[in-house]
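What follows is a short report on a single structure.
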Amino acid sequence: MTETAETTADIPPFRYTATLAGEIEARWQQRWDERGTFHAPNPAGPLADPAHPRFNAEKLYLMDMFPYPSGAGLHVGHPLGFIGTDCFGRYQRMAGRNVLHTMGFDSFGLPAEQYAVQTGQHPRTTTEQNIERYRQQLRMLGLGHDQRRSVATTDVEFYRWTQWIFLQIFNSWYDTDAGRARPIAELIAEFASGQRGTPDGRAWAELSEVERRGIVDDYRLAYISEAPVNWCPGLGTVLANEEITADGRSERGNFPVFKRNLRQWMMRITAYGDRLLADLDLLDWPEPIKLMQRNWIGRSSGAHISFPTEAGAIRVFTTRPDTLFGATYMVLAPEHELVDAMIPAAWPEGTRPAWTGGHATPREAVEAYRKFAAGKTDVERQAEAKEKTGVFVGAFATNPVNGARLPVFIADYVLAGYGTGAIMAVPGQDERDWAFAEVFDLPVIRTVQPPEGFDGKAYTGEGPAVNSGFLDGLDIAEAKARIIEWLESNGHGTGAVTYRLRDWLFSRQRYWGEPFPIVYDSTGLPIALPEEMLPLELPEVADFSPKTFDPEDADSSPETPLSRNREWVEVELDLGDGPKRYTRETNTMPQWAGSCWYELRYLDPTNAQTFADRANEEYWLGPRTPTDAGGADLYVGGVEHAVLHLLYARFWHKVLYDLGHVSSKEPFRRLFNQGYIQAYAYTDPRGAYVPAEEVVERDGRFFRGETEVNREYGKMGKSLRNVVTPDEMCAAYGADTFRVYEMSMGPLEVSRPWETRAVVGSYRFLQRVWRAMIDEHTGELRVVDAPADEKTRRLLHRVIDGVRGDMDALRFNTAIAKLIELTNGLTQLSATPREVAEPLVLMLAPFAPHVAEELWQRLGHADSLAYADFPVADPALLRAESVTYPVQVNGKVRGRVEVPADATEAQVREAALAAVADQLAGRDPRKVIVIPARMVSVVL
RNA sequence: GCCGGGAUGAUGGAAUCGGCAGACAUGAAUGCCUCAAAAGCAUUUGCCCGAAAGGGCGUGCGGGUUCGAGUCCCGCUCCCGGCACCA
């Protein structure tokens, strides 16, 4: 399908063919570029343009989730959303708004680096080549982007500001009392003045410089932590929790991932848990996406309770403090820090053999269990989730509410990273605890009365408290409130809230990412580079790859590419106290970093003083009403970013908001999830993929030649041999046809299969539009100034009205269907009235901008239609002169009547009854229902 | 397991507020044009009965509410997505 769709013979010379479409498209793309047609004026700075027709008009900030420029280029699925936003933007521009729409590139990332590793070619070279290819492909589609605003996250002038934002985050802390981030200098001032006490109570002045720095570093929103991280030897890097699949492997490459304690950069996103949750209510996002974020944040409220032991108190978190009287044992995560201190030399008197795991001493038992638990991969843990394992540590805790002696276990069903890494086990009300209690033969005390006839195990439903002393008889909510009151007044605990959300692991052992603007001095503590030293450019290295290991080698340790350039790593700098030797951070930032803030750089991409001028940020992103959070007006992209990218970007935006750098609380006011274009792939009997375009269907079966092949449905991909590119479609039909097809094949949010043979429908439609205006044989205009007949005129205005409604609601498929109806209404006419031709061209322009511009010009207009007014329906022509009512008798349509539009209900009723008189056969209807302008229903 | 979304002709989809199910398009069939084919154009096209007029059935399945249900309610089935020992 790389040839044009028709052979050259016998085609009328002025028909709208792919060849003509290609000429028109190239010409208009060039004009738009030359004229800067899609430049959106800023209120301030170098991109301000007071002469622009939309200067300071009502704005619309449109965004696509920017792509990673892969070497394979775009296939027909990629631009679906891009075309959708372009159609919407062009419509809104014609409707009077100042539309900001551009496209950038999320260009740091693994493939360029891996390609570099294989070929020795610098990642920047491949990345820039790929970006160039993407730009060409996007240009070919006629997207109305403001090219001046296009950025790539790998541009030094872009990542300079990524590093700057990192420094803002590093240099701030979260003031939980104020509920916002504040500059770190204010924290230091509080310590220095004594307003805030130090952790160990000593005066600030008594602390050494290193001690002070250590304390402050623990408050920072970007901090270094020696914590269990996901180490992936096969990739040679650590990964964020979110980059790991459900079965415990790397999302990229599908390698095993191990928990290892390593020093890594973290972002304190958990400090924002409450606000990230609460502010979802301010956003116009799909409810399922909000729900996914809510679940990801996982807020649960309950209480922290302390259980004394001889080695110190075990602090647990529970959502069911009301069941405290039912606690019969305690469980700590195997890694819990208190475990070692609690272990006695020997098993206590009367320890059951089953609790010891067959070991002679508690220490041996704990060590063996830890080894067992650490050796399990996450896959195994999932698979064995039902069979509870654990071991008694040989110590007891005391239940604060009744003094009961509770044996303490370690078990891997308690996770070190959630809550406090310890639980009180209440088997009567918790299924997991019940399962564990069954294995270890532990007692069960029910503290909620199950309903009559309940024969299950743990009871988690509602009911009155029992066996619970002063709580007896209260329902769960009342009991919770009472016990929290009791815990707080007796000093045994407090009401508390926890989150499933963890802090964000922010460093990667890669080359192709933003370097951290951080150095270390002889103390080993981090020091921020001053702003003037930005950008910190990526150094050249001999080898771009991190050291990778046997994927199963859990004991290996990361080695970063940057660490190999010793000249770069070891530097002498003057950071204000004279030249000194420092060591640079050699990790790089994760790929998410650039996409956390690019919506801001689009606003003011050439600004060298700041990431975006405040006036521009306020105009494009600022809140529109007192309760509005602000943000881009429409952000279109796939659901796969529902949690990670969108949560991270919201987090960074909120930090910048707290520090006063932006006026908007949220980056994306409205989110829209586009569907995917999927494709069929075919395998031959050996299971090998065969080229999809060679497969034909016969009687519901599929053949390549004489061989029957098997059909699968899924992604488009090179290895599946089913890729169709926009380049092929543009060559065969033209970009306008391709755009119309993508927009007409279904609603934007729905995934659907690609079907090349159906594209011809959109091609025929554009040919009919063209033929309605241009004589195919002479090339002359077929448009006349004579007025349209009444029927055509009414059709036109009904279509205008419908199309506007559809465009506003992003229902492009039904808008196009209406335009086709209007066009089909013109094909019988001997000439096309101008009063219909012009609105049709204008309404077509968002979808097929090139051919629309061409026709607009041939209709005698010198200027681009990009800023022409979108047609408005005449309300007088929307009112029908007569209405046809279907008449139902007992729910079935038995006739229809045409009555004048202004007929009274009684007249309609009378006409309807007359129309179905034969059905009535003289009987009197029991009831007659007249729905104005809709139908008549007769009940016998 | 829990949570979310979905199921309409051969196919993609339309029906926006409970009011004529199948807009628009693909495919298929027939015709026009052509020496022929392609392209283009025109007509038909949910299923069943019928020569036709006409009738019956029909929105995953089973019930319900209603004059009237693709749309609302109850109970299922299947498909897709998210989370998954989160205390």
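Each chain gets a letter, A, B and so on, in the order its sequence line appears, and its residues count up from 1.
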> Counting only side-chain N and O atoms of A:Arg500, is one of them less than 4.0 Å from OP1 or OP2 of B:rC83?
Replying inline: no
> Mapping A:Ser744 and A:Ile820 onto RNA chain B by nearest heavy atom, which one lands closer to the 5' end?
Replying inline: A:Ser744
>> Using side-chain heavy atoms (C-beta onward) and a distance below 4.5 Å, is A:Phe307 in contact with A:Leu324?
In response: yes
> From the list B:rG56, B:rA42, B:rC24, which nucleotide is the closest neighbour of the side chain of A:Arg894?
Replying inline: B:rG56
>> Partner lookup for B:rG4, please. Criteria are Watson-Crick or G-U wobble with both distances under 3.5 angstrom; report none if nothing qualifies.
In response: B:rC80
>> Measuring only the C1' atom in each nucleotide, how far is B:rA87 from B:rG6? A whole number of Å is fine.
In response: 34 Å
>> Starting the side chain at C-beta, find the nucleotide from B:rG13, B:rG19, B:rC41 nearest to A:Arg768.
In response: B:rC41
> Would you call the rings of A:Phe812 and A:Phe88 parallel, tilted or perpendicular, where under 30° means parallel and over 60° means perpendicular?
Replying inline: tilted
> Taking the side chain of A:Leu291 as heavy atoms from C-beta outward, which of B:rG27, B:rC67, B:rG4 is closest to it?
Replying inline: B:rG4
>> I'd like to know if A:Arg926 reaches the base of B:rC67 with its side chain such that a donor and an acceptor end up less than 3.5 angstrom apart.
In response: no
> Would you say the side chain of A:Ile269 lies within less than 4.5 Å of the side chain of A:Tyr648, judging by non-hydrogen atoms?
Replying inline: yes
> Has A:Ser300 got a side-chain N or O lying under 4.0 Å from the OP1 or OP2 atom of B:rA87?
Replying inline: yes
>> Measuring from the side chain of A:Arg15 (C-beta onward, heavy atoms only), which nucleotide among B:rC20, B:rC57, B:rG40 has the closest atom?
In response: B:rG40
>> What I want to find out is whether A:Lys457 reaches A:Asp430 closely enough, with some N-O distance under 4.0 Å, to be called a salt bridge.
In response: no
> In terms of side-chain heavy atoms of A:Ala817, which of B:rG12, B:rC24, B:rG19 is nearest?
Replying inline: B:rC24
Can you tabulate the close N/O pairs, meaning under 3.5 Å, that link protein atoms to atoms of nucleotides 14-18 of chain B?
| unit_1 | atom_1 | unit_2 | atom_2 | d |
| --- | --- | --- | --- | --- |
| B:rA14 | OP1 | A:Asn813 | ND2 | 3.1 |
| B:rU16 | O2 | A:Arg811 | NH2 | 3.4 |
| B:rU16 | N3 | A:Arg811 | NH2 | 2.9 |
| B:rU16 | O4 | A:Asp806 | OD1 | 3.4 |

> Under 4.0 Å: is that the gap between some side-chain N or O of A:Arg294 and OP1 or OP2 of B:rG4?
Replying inline: no
> Choosing from B:rG19, B:rG55, B:rA25, which nucleotide comes nearest the side chain of A:Asn824?
Replying inline: B:rA25
> Is the centre of the A:Tyr763 ring less than 6.0 Å from the centre of the A:Tyr741 ring?
Replying inline: no
> So what does A:Ser751 hit on the nucleic acid, given a heavy-atom distance under 4.0 Å: a base, only sugar-phosphate, or nothing?
Replying inline: sugar-phosphate
> Is the base of B:rG9 syn or anti, if syn means a glycosidic angle within 90° of 0?
Replying inline: syn
> Within the structure shown, what part of the strands sits under 4.0 Å from A:Lys290 by heavy-atom distance: base, sugar-phosphate, or nothing?
Replying inline: nothing
> What pairs meet the side chain to side chain donor-acceptor pair (under 3.5 Å) rule with one or both residues in residues 318-328 of chain A, with sequence neighbours excluded?
Replying inline: A:Arg320-A:Asp322
>> At 4.0 Å (heavy atoms only), tell me whether A:Met745 reaches a base, stays on the sugar-phosphate, or touches nothing.
In response: sugar-phosphate
> Who are the salt bridge (charged side-chain N to carboxylate O under 4.0 Å, His left out) partners of A:Arg500, not counting sequence neighbours?
Replying inline: none
